Amino acid sequence: MVSGHLFHCRKNSWPPEEYVPRTALQLLDLDGGSPPEQAWRRRLNSHANILKEFSVTFMEAMKMMTLGVRLWSYVREEASYGRKAPIDPFTRERCKPSASQGVPLGGMGSGSISRGFRGEFKNWHIIPGLCENSPVMENQFSIFVTRDGGNKKYSSVLAPGHHEGLKNYSDSGISSWDWNLSGQHSTYHALFPRAWTVYDGEPDPDLKISCRQISPFIPHDYKDSSLPTSVFVYTLVNTGRDRAKVSLLMTWANSIGGFSHHSGGHFNEPFIGDDGVSGVLLHHKTAKDNPPVTFAIAACETQNVSVTVLPVFGLSGERHVSAKEMWGTMSKDGHFSRENFNAGSSMPSCSGETLCAAVTASTWVEPHGRCTVAFALAWSSPKVKFQKGCTYNRRYTEFYGTSERSSINLVHDALTKYRLWEEEIEKWQDPILKDDKLPEWYKFTLFNELYFLVAGGTVWTDGQPPAIEGKSSPACNQQKHSKRGAKSESVKDSHVKPDAEQVSTGDDLPNCEERSVSMYAAVHGSHMPEQTNGLQEPIPYLISKDGPENVGKFLYLEGVEYIMWNTYDVHFYASFALLDLFPKIELSIQRDFADAVLYEDRRRVKFLADGTSGIRKVKGAVPHDLGTHDPWHEMNAYNIHDTSKWKDLNPKFVLQVYRDFAATGDMAFGRDVWPAVCAAMDYMDQFDRDGDDMIENDGFPDQTYDAWTVRGISAYCGCLWLAALQAAATMAHRLGDRPYAEKYKLKFIKAKAVYEAKLWNGSYFNYDSGTSSNSLSIQADQLAGQWYAASSGLPPIFDEYKIRSALQKIFEFNVMKVKGGRMGAVNGMTPKGKVDETCMQSREIWTGVTYGVAANMLLHGMEHQGFITAEGIFLAGWSEDGYGYWFQTPEGWTTDGHYRSLIYMRPLAIWAMQWALSPPKAILEAPKVNLMDRIHVSAQAARAASEINVRKIAPDNRCIPSSTFQCEC
């Protein structure tokens with residue numbers, strides 16, 4: 001826990017009165033209209049600089065030239081099938097990324113739309129894996145004010161008028177609108193999942209305006225957090241002496257970003273719903289047979305607010321009212337005709353035509369009076385389709401059905417429930433925001449980094465098997481012929497039960513629940529029937545409910561540039577956020593990977609790094625990811641290296657499973673995944689080359705740092721392995737599996753001695769035990785295994801003085817020797833205090849790794865060092881003096897601030913810091929007993945362990961993959 005004050009930021013607070021006058025804040029303090037005390041803030045006239053991407057050095061380019069040629073060929077091959085390769089560094093986006101992002105819209109997993117801090121709607125992620133970055137400039141909020149009987153008029157789009165996108169439109173289009181907002185007196189305040197935009201006397205000097213953006217991201221709420229909707233609540237305060245007629249206008253294009261509005265076949269229709277909610281539906285026909293999308297834009301009519309609509313307008317005015325004519329009507333009348341509600345559906349749009357709609361809400365605001373006007377946006381795309389044929393229903397359809405017209409109900413519920421959502425959000429956030437011991441930058445950055453769970457391409461399905469439409473993958477066809485809920489030859493059913501005397505009677509088994517545990521001796525002991533096409537039967541978990549409660553299936557991308565679902569070596573860092581806020585989703589993901597461990601896919605894949613080929617998924621190996629174009633059924637979309645030979649994935653699986661098991665106390669989960677834990681651990685035996693129980697790396701980048709070669713025993717993978725042995729032994733003890741508890745404890749004791757003897761140099765653990773030029777480098781992530789052990793309530797792997805010494809070394813060298821600690825922790829640093837230039841990754845600063853290192857420091861009482869370390873990411877990425885990476889935190893940046901891979905999963909690891917500061921009750925209140933000490937190792941077990949037949953990895957691809965554990969070739 002934190003003791004004392006930890007304000008380490010150079011700017012100790014971001015008070016709202018520095019951006020908005022105190023009198024304006026007091027006037028807007030109605031119904032949540034005033035921004036919060038802690039928030040990330042920008043002025044709307046702030047410059048949105050173009051971001052600078054990293055580049056490789058000449059030597060790095062030479063080393064990777066062959067890989068680059070193979071990757072280029074693979075990208076072209078995928079494009080010939082109409083698919084985007086998971087990693088494509090060659091194709092550039094039309095819209096260059098800039099420092100203009102803001103809080104995204106909507107809940108999780110139903111498609112997302114981001115909104116920049118200046119008001120533009122951008123980063124459209126409706127179709128899975130496809131992100132359209134360019135803003136759709138027709139999508140705006142505007143205001144029209146009339147005073148003094150019409151003698152005073154003010155009108156403007158509520159966004160600064162210096163967007164580059166305006167140059168592309170004709171005079172009859174949106175460039176004819178009034179773009180009068182300078183942004184000088186307008187400010188943006190972000191505290192995810194809400195944002196406030198305050199217009200202090202712009203465009204009317206006597207009108208204070210606050211727009212509050214609210215999305216239903218509510219921890220532990222597995223219904224509303226899945227909804228594709230957002231609310232925009234306007235608070236209006238009239239400081240003038242005369243009445244003001246105020247009309248707020250919401251305009252929306254029938255588009256899902258890019259050039260989708262030009263494809264034709266789209267149409268709009270007005271609607272009048274219940275409780276005064278009315279607006280327009282925009283039915284969008286997507287390209288390439290993707291499921292349709294229906295938007296709803298709406299406002300809530302009250303006693304003081306009247307709502308009218310214009311169902312259709314265009315940019316040219318050839319077939320419909322033009323954008324210019326629409327603006328003229330609003331400037332003159334402040335509303336549209338009520339007859340427009342009877343217009344019915346419009347004619348479908350022609351190719352190349354842009355179809356738009358408008359909703360306006362009008363009200364009178366008395367002198368010194370206040371008024372609230374609420375708009376809502378929803379997008380209903382009930383089905384999510386992946387490119388190789390499988391289609392699923394989204395999570396929200398469990399509650400709203402599968403009709404695209406459910407967007408009417410979505411906007412209705414949003415407008416009638418948003419106050420309840422805000423109450424729940426404030427209950428969640430207030431204890432952290434009001435904790436005076438925490439630095440202010442940390443508090444709002446902690447919440448704002450959660451943007452990725454919405455904008456990171458998340459897909460949340462209802463958990464049911466896929467529907468089959470048109471051409472489908474073999475896996476989908478297998479699903480089609482499987483009976484839901486039928487007993488398949490699951491690994492859980494094929495294992496023997498433990499003897500009664502082997503079952504633990506420990507106090508950690510709650511409520512005297514059933515103590516029988518499925519045992520698992522080795523992967524080759526399970527039977528998985530083979531298919532002629534090289535696939536196994538569908539993963540059993542996919543055709544059954546997720547334990548006692550089905551919360552659906554959850555996917556999120558590694559990053560918008562690395563299009564792979566649930567990349568596991570990165571989820572290792574990011575998963576703290578899900579476990580803390582949505583633990584049932586986290587357990588669902590772990591169950592997916594547990595089943596994947598015992599699954600095999602023999603289809604051949606070419607690995608681009610060395611040009612060899614192998615099978616797609618090896619039984620016993622944890623997959624790198626759940627796939628790209630057919631997730632769950634075609635795993636390991638990553639094909640740079642053969643990840644079945646990586647040394648970090650299996651230990652990371654065991655560590656995550658144990659942490660989740662310890663934190664939730666879910667014994668059913670522990671029993672269900674235990675066979676996969678045993679399989680994952682046994683699989684690693686082949687990487688112990690010399691029988692000392694410590695795994696060795698194989699002289700290529702065989703871990704998450706996939707450009708950074710490791711030789712022999714490595715600090716990173718070796719520490720993960722030690723922690724996994726400890727976690728597996730403790731889990732076995734808690735589940736009553738004594739033989740495995742003894743086995744893993746013996747391995748741990750032996751491997752730990754080897755690790756320390758080979759790598760400990762008196763102040764830190766060397767990068768690896770090889771003899772290369774960087775073997776003595778200081779790796780920021782060297783204690784990743786200890787971080788997880790401490791986070792899971794396990795005893796320290798090493799003596800405390802060694803842990804603190806290594807962390808202090810990382811702080812002094814990797815953190816403080818890079819621009820005085822203002823950048824984060826560089827991955828590699830030489831003992832001489834120079835950045836390790838071995839490869840592009842050794843010289844990068846990884847944001848998520850830095851957060852993880854900071855969390856490890858907090859766990860070991862190094863609070864000052866921990867917050868200084870993490871603050872570097874804030875200063876470089878989020879502060880006004882930084883590089884502009886807010887709401888698009890990249891995987892990493894170089895020491896000169898050039899990014900690699902924006903909008904990336906790993907920075908969610910900031911929630912590991914919160915986990916360290918406030919551990920869950922199950923871990924905090926667990927008995928302070930070292931369960932490893934309770935594991936009694938018999939003399940017989942010790943002799944058996946010394947006779948273990950160390951299995952070797954096959955040197956070529958002729959070895960049958962399913963026989964990995966017997967292979968001696």
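Because the structure is a prediction, the values reported are computed rather than measured. If you read the sequence from its start, that first residue is 1, and numbering goes on from there.
In this structure, Tyr904 and Thr567 have side chains that are not in contact, with every pair of non-hydrogen atoms separated by 4.5 Å or more. Residues Pro466 and His633 have side chains in contact (heavy-atom distance under 4.5 Å, counting atoms from C-beta outward). For the pair His571/Glu586, a side-chain contact is recorded, criterion being any heavy-atom separation below 4.5 Å from C-beta on. Counting heavy atoms from C-beta outward, Met108 and Ile585 have side chains that approach closer than 4.5 Å. Contact check for Thr889 versus Glu449: side-chain heavy atoms found under the 4.5 Å cut-off. Under the 4.5 Å side-chain criterion, counting only non-hydrogen atoms from C-beta, Phe452 is in contact with Met905. Between Ile87 and Met564 the shortest side-chain heavy-atom distance falls below 4.5 Å. Side-chain contact between Pro86 and Tyr562: absent, with no pair of heavy atoms (C-beta onward) separated by less than 4.5 Å.
The line from CG of Asp274 to CG of Leu415 is 12.5 Å long, rounded to the nearest 0.5 Å. Atom CD1 of Ile903 is separated from atom CD of Gln101 by 5.5 Å, given to the nearest 0.5 angstrom. Summarising the geometry, atom CD1 belonging to Ile910 is positioned 5.5 Å from atom OG1 belonging to Thr445; distances are rounded to the nearest 0.5 Å. With rounding to the nearest 0.5 angstrom, the NE2 atom of His629 is 5.5 Å from the CZ atom of Arg83. Here OG1 of Thr461 is found 9.0 Å from CZ of Arg395. Values are rounded to the nearest 0.5 Å. Residue Thr229 holds its OG1 atom at 9.0 Å from CG of Leu105, rounded to the nearest 0.5 Å.
Ring geometry for Phe121 against Phe141 counts as tilted: the plane angle lies between 30° and 60°, on a 0 to 90° scale. Using bins of under 30°, 30° to 60° and over 60° for the plane-to-plane angle, the ring pair Trp40/Trp886 lands in the tilted bin.
Contact record, Pro631 with Tyr392: O-OH, 3.9 Å, taken as the closest heavy-atom pair. The heavy-atom pair separating Ser98 from Ile50 by the smallest distance is CB-CD1, 4.1 Å. Taking every heavy atom of both residues into account, Leu130 and His125 meet most closely at O-CD2, 3.2 Å. Between Tyr556 and Ala574, the closest heavy-atom pair is OH-CB, 3.6 Å. When all heavy atoms of Val411 and Val277 are compared, the pair lying nearest together is CG2-CG1, 4.3 Å. Residues Ala577 and Leu450 share a closest heavy-atom pair of CB-CD2, 4.0 Å.
With sequence neighbours excluded, the residues forming a side-chain contact (heavy atoms from CB on, under 4.5 Å) with Pro292 are Glu404, listed by chain and number. The ring-ring contact (aromatic ring centres under 6.0 Å, His included) check on His412 picks up nothing, with sequence neighbours excluded. Legend: residues meeting ring-ring contact (aromatic ring centres under 6.0 Å, His included) with Phe593, ordered by chain and number and at least two apart, are Tyr568. Residues meeting the side chain to side chain donor-acceptor pair (under 3.5 Å) test with Ser260, sequence neighbours left out: Ser255. The side chain to side chain donor-acceptor pair (under 3.5 Å) test applied to Tyr638 returns Asp706, not counting sequence neighbours.
Counting heavy-atom neighbours within 6.0 Å of Lys84 NZ, excluding the residue itself, gives a total above 12.
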For a side-chain contact (heavy atoms from CB on, under 4.5 Å) check, start with the C-alpha distance between Arg405 and His283, then their side-chain angles and the critical distance, and finish with the verdict.
CA-CA 9 Å; Arg405 297 183 66 85; His283 301 279; 4.1 Å; yes
Asp88 vs Thr91, side-chain hydrogen bond (donor to acceptor under 3.5 Å, both in side chains): CA-CA, chis, key distance, verdict
CA-CA 6 Å; Asp88 177 7; Thr91 305; 2.6 Å; yes
May I have the step-by-step check of side-chain hydrogen bond (donor to acceptor under 3.5 Å, both in side chains) for Asn254 and Asn268, ending in yes or no?
CA-CA 8 Å; Asn254 198 323; Asn268 301 349; 2.9 Å; yes
Start with the C-alpha gap between Trp878 and Phe887, add the side-chain angles, then the distance that decides, and say whether ring-ring contact (aromatic ring centres under 6.0 Å, His included) holds.
CA-CA 8 Å; Trp878 288 82; Phe887 300 103; 5.0 Å; yes
Run the side-chain hydrogen bond (donor to acceptor under 3.5 Å, both in side chains) test on Glu891 and Thr847 for me, step by step, so that the C-alpha distance in whole Å, both residues' side-chain angles and the decisive distance to 0.1 Å come before the verdict.
CA-CA 6 Å; Glu891 158 74 307; Thr847 53; 5.2 Å; no
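Residues Phe447 and Trp428 place their aromatic rings such that the two centres sit under 6.0 Å apart.
No salt bridge links Arg394 with Asp462; every basic N to acidic carboxylate O contact stays at or beyond 4.0 Å. Here Lys417 does not pair with Glu422 in a salt bridge; the nearest charged N to carboxylate O distance is not below 4.0 Å. A salt bridge is defined here as a Lys NZ or Arg NE, NH1 or NH2 lying under 4.0 Å from an Asp or Glu carboxylate O, and Glu634 with Lys388 meets this definition.
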Review item, side-chain donor-acceptor pairs of residues 213-222, under 3.5 Å, at least two apart:
residue : atom : partner : partner atom : Å
Gln213  : NE2  : Val103  : O            : 3.0
Ser215  : OG   : Gly106  : N            : 2.9
Ser215  : OG   : Ser230  : OG           : 2.6
Asp221  : OD1  : Lys223  : N            : 3.0
Asp221  : OD1  : Asp224  : N            : 2.9
Tyr222  : OH   : Lys584  : N            : 2.9

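When each of Lys96, Arg900, Arg92 is checked for a salt bridge (Lys or Arg N to Asp or Glu O under 4.0 Å) with Glu53, only Arg92 meets the rule. With Tyr396 as reference, Ser380 is the one residue of Ser380, Ser110, Ser226 to meet the side-chain hydrogen bond (donor to acceptor under 3.5 Å, both in side chains) rule.
For Lys122 and Asn133, the side-chain atoms include no donor-acceptor pair closer than 3.5 Å.
Remark: side-chain polar atoms of Glu120 are not paired, donor with acceptor, to backbone N or O of Asn139 under 3.5 angstrom.
Geometrically, Arg42 does not engage Tyr188 in a cation-pi contact defined by less than 6.0 Å to the ring centre and at most 45° from the axis.
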